[in-house]
Asker: 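Encoded as structure tokens, here's the structure I'll be asking about.
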Amino acid sequence: MTTPVIPDAQANQPKPKQPRVNDTDAPTTVEAEQMTGRPDRLLNLDNDVDMTRGGTNVKSNKGVYHIVENEAEAHGCVRMNRYGDRYTGDDLQLNMDSGQGFLTNPTYWFQANDGHGKADRINFLDEDRSEIIKGTYTTCPGTKPDWYVKSSTLDIDSGLGEGIAHNGIVYFKSVPILGSPIMSFPLTGDRQSGVLPPIIGSTNNGGLEFNLPYYFNIAPNRDLTVYPNIITQRGLQMGADARYVGVGYSGQTKVEYLPDDKLTKTNRYAVQSIHSQTLMPGLTMGWNVNFASDNNYPDDFTRSITQSSLRTLNREFDLNYSGSFWSVAALASRYQILQDFNSAGQPTLSRPYDRMPQVTLTAGKQDIYGFDWAVNAQYARFRNTQYDFPSASSFPVGSTSLTSSTLLPLEGERIYINPQLSYPIIRPGYFITPKIQLDATAYSITPNKFGLPNTPTAVPGVLNPVSLGNDFSRVLPTFSLDTGLIFERDAKFFGNKMTQTLEPRLFYVRTPYHDQSQFPLFDSGAADFNFAQIFTENRYSGHDRISDANQLTAAVTSRFIEESGLERLRLGIGQRIYFTQPRVALNPTDTITTSRSDLLLMAGGQVTPTLGVDNTIQYSQSNNQWVRAGSTIKWQPGPKQVINFSYQLDHTNVDPLDLQNRYLKQFDLSAQWPLTKRWYGVGRVSYSLQEKTVGQSLIGLEYKADCWVFRLVGQRTPTSSTRTTTGLFIQLELNGLSKIGSDPMSALRSSVPGYQNVNQPDSFISR
């Protein structure tokens, strides 16, 4: 098996190969306390013998130098340094020109990766290649290594940076754990083709898994990994992962296929392909294509390319052209939904609209006689087969109708243009930016495939709504004024000199009302209410709803900033005041009935070099309760020491299919911590306080020795509303040779923010 070094190299991997100086014409120098023989033919050397040619130096008690053949013999306490690699032995014969020869009873040490061992004999085939007979190999220090490879023949090629053991057996703690007729390993950081270490794991959905990948190093910019994966309860799964990069292009394609799953009696597959390319200056194209065979693929293969949380698979192709101040983007996008059903058998996911196609134009320039202008325009054709029938089987959260209608049509076209003009006035202590923009939008829809008339959505107060046509349009101007002041003063924070700022800001928006209650909802939704959103003109995302507005946002922010620019503390408070209550709404529950929004509060920053915090609160003054709250604390006092805690509360996050109307209320705790000098613990638990259930969880132990690392990690991952997957990772990493078992590194890094590989040198990661 081989262990190629992929581009994201880890610690303790072999060093890059150093370029070798050409010493073909270098002379051979010979030194000794006593020399006898014929100066033109042969020299007999005694005591402190030293023979050197270029990058090769030989020392011994006695020696013979053949002048015509340029060949050296050394006997007794032979010590040789050959281009940085060191050897010792009893008897040496070496041709100084060709590099051919042999060394008996040798020990050796390779500079590139600290690999070393002993043997009965080493045959030097040339300056780069050698053959070690009945030898051992290890990267562990000392004469009694924790692990080593014992082989009948060990081929070393320092030019290729590769070693190949024939009939090799890996010993760990003097116990044989792995054997192979051919076993290869790297001597440098270069990638190599060959069989990768086996991956062994277990899940509750498939049982024991045995994966044996083979890596093809096709070219410096291309590689391919193929892997047969035996899943005991399902069968043989085949997979391939191809990567490539070149001048102006790059991409990756992954494929998995499991014929005749023993449990489902079906063929299971998944495909993921991404590509980006520059066709010519300013013109680029790309795609992102994802397929899966069935809804349960994420549940059954959670460690596969279709991850558990990815149930809306996009298939997208884009073409973009950029000019000096404008750009055009063409997009074709379709979706596959891997539907998730709750305990009552109801679907929980709604299908987004396909865009076949979407063309977007953006243009703009700044500081044209002090003015900034921009234009955004778009044409899009939407289609959603979910609304083929007048009565749909599922619907987006917040919809007021279960039927295809003007809100949720089968398909439709939308075109809009949005010109903007602003005059920013920016000075050292303040800024004022007046801005005006115009939204002109038109729709043409097809409600359903039967051509039935639209069923207008019921409007409160209207008993018999009139059936509407299939064309809609609106033209809305928006005026905004963004102003702010910036005050600074010298201050101290925990005794350290700081610059404290005080930044009051006012943002006024005026948009007239236009009835959009029957307009389609292709891509719009309520935008997240936060400090960034309250300083935008529209409270909706997408372009199907433009909120009427006569409102003022007021906020104050204060920061404590070090001279280096590090923000030690950030405090903020903000609120939106409605002079006129907005009338545009997505549904009856989206209406605003108060004269002011919820209050936003924030506090965060890198309080100390080891402690970082981030807290946000959305507080309803009318209901006297916290609507949403989020708190994150990260304590990292040293290398490989980190504790993360987060708390989330969200009364607006309620599953409409949950009869108990439980909102989001959970905490998440994760950590990595040294237990002893060599043992490290790692873990994570996510717990829902409302449902009283554990979500994602992970627990593991890592042991770091001088030349190997052992990891044991268990992970529990919810893959749908009703199913979870439990996996077990067991890995033995032998530095400089291979990693045996299943790799838990991606699970550790994603579960524990700030996690550091215990096999890396100590370093402190700041936030």
Side-chain angles (χ1 to χ4, degrees), residues 278 280-284 318-331 358-380 415-441 474-489 499-512 527-528 530-543 546-559 561 563-567 570 572 574 576:
T278 300
M280 56 180 290
L283 181 62
T284 63
D318 64 85
L319 187 66
N320 304 275
Y321 185 79
S322 299
S324 58
F325 64 92
W326 60 276
S327 64
V328 177
L331 172 72
Q358 174 182 288
V359 182
T360 305
L361 169 68
T362 59
K365 278 193 172 183
Q366 294 181 332
D367 197 15
I368 306 300
Y369 298 104
F371 288 92
D372 294 348
W373 67 268
V375 175
N376 300 313
Q378 185 184 93
Y379 166 80
I415 185 170
Y416 71 78
I417 183 170
N418 178 220
Q420 305 174 19
L421 183 67
S422 62
Y423 189 83
I425 302 172
I426 302 175
R427 300 293 183 266
Y430 68 92
F431 65 89
I432 303 174
T433 305
K435 178 181 177 182
I436 188 168
Q437 58 181 307
L438 185 71
D439 173 78
T441 307
R474 67 167 181 251
V475 178
L476 281 174
T478 296
F479 169 77
S480 65
L481 181 65
D482 192 5
T483 64
L485 299 172
I486 303 173
F487 301 100
E488 294 184 358
R489 74 182 184 102
T499 297
Q500 183 187 6
T501 70
L502 184 66
E503 306 167 41
R505 183 177 178 184
L506 296 175
F507 182 67
Y508 175 76
V509 181
R510 181 71 175 97
T511 303
D528 187 34
N530 53 44
F531 269 91
Q533 192 278 328
I534 61 175
F535 291 102
T536 59
E537 289 85 358
N538 190 14
R539 67 188 184 99
Y540 296 109
S541 62
H543 206 82
I546 303 296
S547 176
D548 56 314
N550 182 15
Q551 63 196 33
L552 177 68
T553 298
V556 177
T557 303
S558 181
R559 311 171 196 268
I561 305 173
E563 185 177 351
S564 63
L566 181 64
E567 190 176 82
R570 177 184 63 258
R576 181 180 288 162

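Nothing fancy with the numbering, it's 1 onward along the sequence.
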Asker: Kindly determine whether V509 and T478 satisfy side chain to side chain contact (heavy atoms under 4.5 Å, CB included), including the steps that lead there.
Answerer: CA-CA 7 Å; V509 181; T478 296; 4.0 Å; yes
Asker: What's the spacing between I436 CD1 and F479 CZ if we round to 0.5 Å?
Answerer: 7.5 Å
Asker: By side-chain hydrogen bond (donor to acceptor under 3.5 Å, both in side chains), which residues pair with T501, not counting sequence neighbours?
Answerer: E503
Asker: Which atom pair, heavy atoms only, marks the closest approach of F531 to G572?
Answerer: CZ-C, 3.8 Å
Asker: Without swapping roles, check the side chain of D528 against the backbone of Q533 for a donor-acceptor pair under 3.5 Å.
Answerer: no
Asker: Who passes side-chain hydrogen bond (donor to acceptor under 3.5 Å, both in side chains) against N550, sequence neighbours left out?
Answerer: Y508, T580
Asker: Between P512 and P477, what is the shortest heavy-atom contact and its length?
Answerer: CD-O, 3.1 Å
Asker: Apply side chain to side chain contact (heavy atoms under 4.5 Å, CB included) to the pair L476 and L438, showing each step before the final yes or no.
Answerer: CA-CA 6 Å; L476 281 174; L438 185 71; 6.0 Å; no
Asker: Check for a donor-acceptor pair, side chain of T553 on one end and backbone N or O of I534 on the other, with a separation under 3.5 Å.
Answerer: yes
Asker: Just by distance, with hydrogens left out, do Q420 and N418 show a side-chain donor and acceptor under 3.5 Å apart?
Answerer: yes
Asker: What salt bridge (charged side-chain N to carboxylate O under 4.0 Å, His left out) pairs are there with at least one residue in residues 425-435, not counting sequence neighbours?
Answerer: K435-E537
Asker: In Å, rounded to the nearest 0.5 Å, how long is the span from OH of Y416 to CD1 of I546?
Answerer: 9.0 Å
Asker: Quick one: does any side-chain atom of N538 pair with a main-chain N or O of S547 as donor and acceptor, under 3.5 Å?
Answerer: yes
Asker: Could you pull out all residues at least two apart from Q500 that satisfy side-chain hydrogen bond (donor to acceptor under 3.5 Å, both in side chains)?
Answerer: R489, S558
Asker: Show me the donor-acceptor pairs within less than 3.5 Å that the side chains of residues 366-374 make with the rest of the protein, sequence neighbours left out.
Answerer:
| from | atom 1 | to | atom 2 | distance (Å) |
| --- | --- | --- | --- | --- |
| D367 | OD1 | G370 | N | 3.3 |
| D372 | OD1 | D367 | N | 2.7 |

Asker: With a 3.5 Å cut-off and no angle check, do the side chains of D439 and T441 form a donor-acceptor pair?
Answerer: yes
Asker: If you measure from CZ on R559 to CD1 on I486, what distance do you get to the nearest 0.5 Å?
Answerer: 9.0 Å
Asker: Give, for atom CG of N320 and atom OG1 of T284, the distance between the pair rounded to the nearest 0.5 Å.
Answerer: 4.0 Å
Asker: In Å, rounded to the nearest 0.5 Å, how long is the span from CD1 of I425 to OG1 of T433?
Answerer: 7.5 Å
Asker: Hey, could you give me the OG/NZ distance between S324 and K365, rounded to the nearest 0.5 Å?
Answerer: 6.0 Å
Asker: Is the closest side-chain donor-acceptor distance between T362 and S327 under 3.5 Å?
Answerer: yes
Asker: Partners of T483 by side-chain contact (heavy atoms from CB on, under 4.5 Å), sequence neighbours excluded?
Answerer: I432, L481, L506
Asker: Quick one: do Y321 and W326 satisfy side chain to side chain contact (heavy atoms under 4.5 Å, CB included)? Show the steps, please.
Answerer: CA-CA 9 Å; Y321 185 79; W326 60 276; 3.5 Å; yes
